[in-house]
Amino acid sequence: MACQRECYPGMPEETFMDERKLRMQLAAFPEGQYLAEIEGRVVGYATSLIVILDDESPWHSYDEITGVGTFGTHDPAGDTLYGSDIAVVPDWRGKKVAARLYKRRKAVLKRFNLRRMVAGGRMPGYAEHAKRLTPMQYVEAVKQGMLHDQALSAHLKAGYQVLGIHYGYLSDGESMNYATFLEMLNPDFDPARRLIAAPPIRRPVRKVRVCAGQYQLRPLTDWAQFEMQVEFFADTANEYHCHFLLLPELFTVQLFTLLPSQTDTLEAVREIAKMHDRYCELCKRMAMKYGLYFIAGSHPVIDHEGDLLNIAHLFTPSGQIYTQPKLHMTPAEREYYNMQPGDDLRVFDTPLGRIGILICYDIEFPELSRLLTRHGVEVLFVPFATTERKGYNRVRHCAQARAVENVVYVVMAGCVGNLPQVKSFLINYGQAAVCTPCDFAFPKDGVLAEGEANNESVVIAELDLNDLAVQRDIGSVRPLQDERKDLYQVTTTMRIETIQVR
């Protein structure tokens, strides 16, 4: 406390740390507090804590970031060391005491594998030059060696970079209440270790907004009409700031109406399969234009062996395309289209969270959802197409069950409307919905949002992924933990691929 007052003779009394706050700092993070002592006298000190900062809005006051000096904001899961204060008494300045304190701080960065160190730096020499220099001009003059500032010069020498200047960090007359926002990167930072140690913290987003489209099938006269309808949903998702857009299974059968009416169904489905490249080009363009992770339902695809598969497509804002085949064929798909099941189950690790895609009938097989959940999936997207209500209810009730038994969100999107002369899609019953677990953190009926059945519309909902993590640990029931692996096991004969989505 005596060293503090000797270092900052011009600071208001209320800004100094008292014994209570110093003891709280030491209790919160003892590894981050250092003293320089010579022959029994404290001649310098450095205090710090670990924090989480929003890179989009990094500024804060000293009181906000330090918990009013108590270090109650210290978070061991953070990736940033915050340099709360560093000072050396006047008669020991210039003798490398500060350099030794910084050496200790850098050791903390390395020991805890922190990405960087930041600080709010005083500019005690600025008041003398405020009449003719702006704060940024003053900083530039110090950086170029034209001026010397007791604090800023030391910070620059230590290796800090000035990222910005902000007003109101401290009540500090010598700095005219301005402060520099300083950053020093850790050259030994290991991002992979940080991901393992604190994956939720390193996720850029833990809330995601989803849009599920109730897509009306209507006769078309040309491809441009199809593009316009697809863009309507992409534009709507963008207008409501959604991250993900889901369209229904085989919504592209609408393209049947561009073919001659006498075309046989088996021939027709292979004709629209030949439109795969145009479908991909359109959906990729929509994903990039509107910045969406676009699960564009599914589309028939002819594989290299000549078999027809029902393939879901994920288009990303960066222009990448990923696929998930349908694994279980319904009798109708075999009868009308002679479709064959795929063999691959994939996890899509997006920057927003891990997702899985199960096409319609696949959600009725609980083993798939459990396998995906074990691989970290938090949201299941289910594009579906059902002709009448009982078929819809099979998909809907199974989706709800999967949400409950795996503690995941399930997002559904289906077709509505009629397609005259297309026997396999004459009528459609659809209702988009977002299903949740049934527990205190979620809606009491396990339905976060749902549309009006059989109307062209969208369902938009915000999913809190952190709620899932909490619920899995402290929920009223914990099906993932309480599974009796001594009695039964869900195993797979295939490799489940995890794809890093860009």
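On a predicted model such as this, the values are computed, not experimentally measured, just so you know. Values reported hereafter were calculated over all heavy atoms of this structure, with side chains retained and with hydrogens, waters and symmetry mates removed.
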Ser84 and Tyr62: which non-hydrogen atoms are nearest, and at how many Å? OG-OH, 2.8 Å
With sequence neighbours left out, which residue pairs that include part of residues 440-466 fulfil the ring-ring contact (aromatic ring centres under 6.0 Å, His included) condition? Tyr409-Phe442
Flag yes if more than 12 heavy atoms outside Glu452 fall under 6.0 Å of its CD atom; otherwise flag no. no
Aromatic plane relationship, Tyr337 with Phe256 - under 30° parallel, 30 to 60° tilted, over 60° perpendicular: perpendicular
Are Asn310 and Glu249 close enough that some pair of their side-chain heavy atoms sits under 4.5 Å apart? yes
Partners passing ring pair (Phe, Tyr, Trp, His ring centres under 6.0 Å) against His276 (at least two apart in sequence or in another chain): His299, His313
With a 4.5 Å heavy-atom cut-off, do Ile311 and Ser298 have their side chains touching? no
Taking all heavy atoms of Pro30 and all of Ala28, pick out the closest pair and write down the distance. CD-C, 3.9 Å
Verdict with supporting geometry, Val379 and Val408, side chain to side chain contact (heavy atoms under 4.5 Å, CB included): CA-CA 6 Å; Val379 185; Val408 296; over 6 Å; no
In Å, rounded to the nearest 0.5 Å, how long is the span from CG of Asn393 to CD of Gln400? 12.0 Å
Qualifying salt bridge (Lys or Arg N to Asp or Glu O under 4.0 Å) pairs with a residue from residues 224-247, counting only residues at least two apart or across chains: Glu227-Arg285, Glu231-Lys289
In this structure, are over 12 heavy atoms from other groups packed under 6.0 Å from Arg218 atom CZ? yes
Between Phe112 and Phe29, ring centroids under 6.0 Å: yes
Could you tell me which non-hydrogen atom of Ile460 sits nearest to which non-hydrogen atom of Ala449, and how far apart they are? O-CB, 4.1 Å
The single option from Arg396, Lys390, Arg394 that satisfies side chain to side chain donor-acceptor pair (under 3.5 Å) with Tyr392 is Arg396
Distance-only, no hydrogens or angles: does the Asn186 side chain make a donor-acceptor pair with backbone N or O of Leu114 under 3.5 Å? yes
When you compare the side chain of Glu456 with that of Gln214, does any pair of heavy atoms fall below 4.5 Å? no
Asp188 side, atom CG; Leu109 side, atom CG - distance, nearest 0.5 Å: 9.0 Å
Take atom NZ in Lys21; do more than 12 heavy atoms of anything else shown fall under 6.0 Å from it? yes
Considering only residues two or more places apart or on different chains, which pairs with a residue in residues 474-487 satisfy side-chain hydrogen bond (donor to acceptor under 3.5 Å, both in side chains)? Arg370-Glu483, Arg374-Glu483, Asp439-Ser476, Glu483-Lys485, Arg484-Asp486
Between Leu217 and Val416, is there a side-chain heavy-atom distance shorter than 4.5 Å? no
Do Leu380 and Ile355 have side-chain heavy atoms sitting under 4.5 Å apart? no
Is any side-chain heavy atom of Leu372 less than 4.5 Å from a side-chain heavy atom of Leu358? yes
If you take all heavy atoms of Val410 and Ala399, which pair is closest and at what distance? CG2-O, 3.6 Å
Is there a donor-acceptor pair under 3.5 Å between the side chain of Gln33 and the backbone N or O of Ser48? yes
Check the orientation of His155 and Tyr160. Use parallel for under 30°, tilted for 30 to 60°, and perpendicular for over 60°. perpendicular
Nearest 0.5 Å please: distance from the CG atom of Asp464 over to the NZ atom of Lys207. 5.0 Å
Under the ring pair (Phe, Tyr, Trp, His ring centres under 6.0 Å) test, residues paired with Phe244 that sit two or more places apart: Tyr293, Phe381
I want to check something: taking the side chain as every heavy atom from C-beta on, are Gln340 and Met329 in contact at a cut-off of under 4.5 Å? no
Pairing of Glu378 and Arg354 as salt bridge, 4.0 angstrom limit: no
Nearest 0.5 Å please: distance from the OG1 atom of Thr70 over to the CG atom of Asp63. 9.5 Å
Please evaluate residues Thr436 and Val447 with respect to the criterion side chain to side chain contact (heavy atoms under 4.5 Å, CB included), reporting the C-alpha separation (whole Å), side-chain torsions for both, the decisive distance (0.1 Å), and the verdict. CA-CA 6 Å; Thr436 75; Val447 179; over 6 Å; no
Measuring from Phe71:CZ to Thr66:OG1, what's the distance to the nearest 0.5 Å? 6.5 Å
Greater than 12 external heavy atoms within 6.0 Å of Arg334's CZ: yes
Yes or no on side chain to side chain contact (heavy atoms under 4.5 Å, CB included) for Ile86 and Tyr102, after CA distance, side-chain angles and deciding distance? CA-CA 9 Å; Ile86 185 167; Tyr102 272 118; 3.7 Å; yes
If only side-chain N and O atoms count, and only distance matters, is there a donor-acceptor pair under 3.5 Å linking Gln225 with Gln254? no
Within the structure provided, determine whether Leu81 and Val108 are in side-chain contact (heavy-atom separation under 4.5 Å). yes
With a 6.0 Å cut-off (strictly less than), is the heavy-atom count around CZ of Phe232, excluding the residue itself, greater than 12? yes
Test of ring centre spacing under 6.0 Å for Tyr361 and Phe365: yes
Check the pair Phe189 / Asn113 against side chain to side chain contact (heavy atoms under 4.5 Å, CB included), numbers first and verdict last. CA-CA 6 Å; Phe189 176 60; Asn113 189 38; 3.6 Å; yes
Closest non-hydrogen contact found for Ala212 with Ala413 is CB-CB, 4.0 Å
Which of Lys326, His328, Gln324 passes side chain to side chain donor-acceptor pair (under 3.5 Å) with Asp362? Answer is His328
Using every non-hydrogen atom in the two residues, find where Leu292 and Cys242 come nearest and quote the distance to one decimal. CD2-O, 3.3 Å
Starting at CG of Leu22, measure out to CG of Leu26 and round the result to the nearest 0.5 Å. 8.5 Å
Taking salt bridge (Lys or Arg N to Asp or Glu O under 4.0 Å) as the test, write out the residues that go with Arg402, two or more places apart. Glu405
